[in-house]
Amino acid sequence: MSWKDYIDKSLLGTGKITNAAITSREGTSVWAASVGFDVTLNELKTLASGFDDPTQILGSGFCLSGKKYVTIRVEEKSIYGKQGSEGVYCVQTGKTIIIVCFPKTTQAGEAIKIVEALSDYLISAGRSILQEKAVDLLLTAICIHDSVSVDIDVLESYISEINNVIIGLDLEIRKTIDQSTGVAIWILINITSDVFSQLSTNYNPSEIEFFKQLLDYILIKSNTRQLEVFAITSSQALKESCIKSAGLSKVSAEASLAAFVEEGWLSKTMHGTHVYFTLSPRSLLELYPVIKTYIYDPDNNFDNESTKITSLLKRCKACHNVVTQGFRCLKIDCPVRFHEYCSKAYMARQKDKLCPNCGEKWMEENFVGKKALENINI
Ligand SMILES: [Zn+2]
Ligand SMILES: [Zn+2]
């Protein structure tokens, strides 16, 4: 069910409500509204901030779609207003605000009941599907046993059915491949908000700044012409200059790192005596809008190609996804990269096993990822 369906069927469909809208709790977007009920972002912002601090709306009321309402009552989860004989009732449900207007023929109590039934539904729907980890683990487990018991087409059509339902909540399960194992995994992602606004619900601005610095290091600083590492060690991550500019103490930076791993934004691995953090499959999916600006694309016109190309991410020659773990051509300036599993499959079909771009012998010796550091002593 889409947001528009909620409005038309669950709210206006009752015949007791004249206008309705569903918006984000932060007051930054109107997700759906009944025809002609045009709540502006300024109006919404005032309303949303009324849940945090009701002083302003209690004093001067609030506007919706150009109509001015007197604030009658503000409670923790609800705001009730009036204009003449028309009432308006607004409820926050965690991620959303539901706004309904009702005529004098509808009792306030009835309108409240209708909205609360819907808000309970949204809250429980949110809870049951937001158990991302459980979905991940379950689906990964199904996939690993795929060859034994589950038909992949059945699984994919099952997931596409789930997607038809959760798209109304701005969620989608997307398939990706874990680069380190070559195993397909499905990840529940939020399709409307970007990664940084998602992070802002769980992390403070310093922690988000720290995350951005880690990203910058993993994508840019650890990636040079000679070495494409795409990783940061824990000691690099906790370097004083890095955490100081984000305004974090060492203890809170360590706690943030652990939380980024726990919530699937970063992957943590041991290599020798070092602890490395790399971009997780979830990050690679959800950060794609950021990452794609760093991808090497022969069609891009860079001013100084030779320096820029070598410091950009490359796509796998076989599957065309970004490679942050895999093999590179032995020729240092050749842009050919393969994931390990893609290289095996691709080269198994080639008699000569040569780089498809420059013709150099393909050796599977030159790594992309933290294994790149094996060839040098650090
Ligand atoms: Zn590949
Ligand atoms: Zn090559």
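Every number for a ligand or one of its atoms is a count from 1 in the order of the listing.
- Considering the Zn ion (ligand 2) as centre, the angle to SG of Cys355 and to SG of Cys334 is 110° (10° rounding).
- Relative ring orientation between Tyr276 and His274 is described as tilted, the plane-to-plane angle lying within the 30° to 60° band.
- Seen from the Zn ion (ligand 2), atom SG on Cys358 and atom SG on Cys329 lie at an angle near 100° (rounded to 10 degrees).
- Relative to the six-membered ring of Phe196, Lys212 meets both conditions, a distance below 6.0 Å and an angle of at most 45° to the axis.
- For the Zn ion (ligand 1), the nearby protein N/O/S atoms, meaning those under 2.8 Å, are Cys316 SG, Cys319 SG, His339 ND1, Cys342 SG.
- Taking each heavy atom of Gln213 and Ala246 in turn, the nearest pair found is NE2-N, 3.9 Å.
- Proximity of a side-chain donor or acceptor of Glu209 to a complementary backbone N or O of Gly247 within less than 3.5 Å is not detected.
- The backbone N or O of Phe37 lies less than 3.5 Å from no partner atom in the side chain of Ser34, so there is not a single donor-acceptor pair.
- The closest donor-acceptor contact from the side chain of Thr324 to the backbone of Phe230 lies at 3.5 Å or more, if one exists at all.
- When Leu219, Leu214, Val322 are each tested for a side-chain contact (heavy atoms from CB on, under 4.5 Å) with Leu279, only one passes: Leu219.
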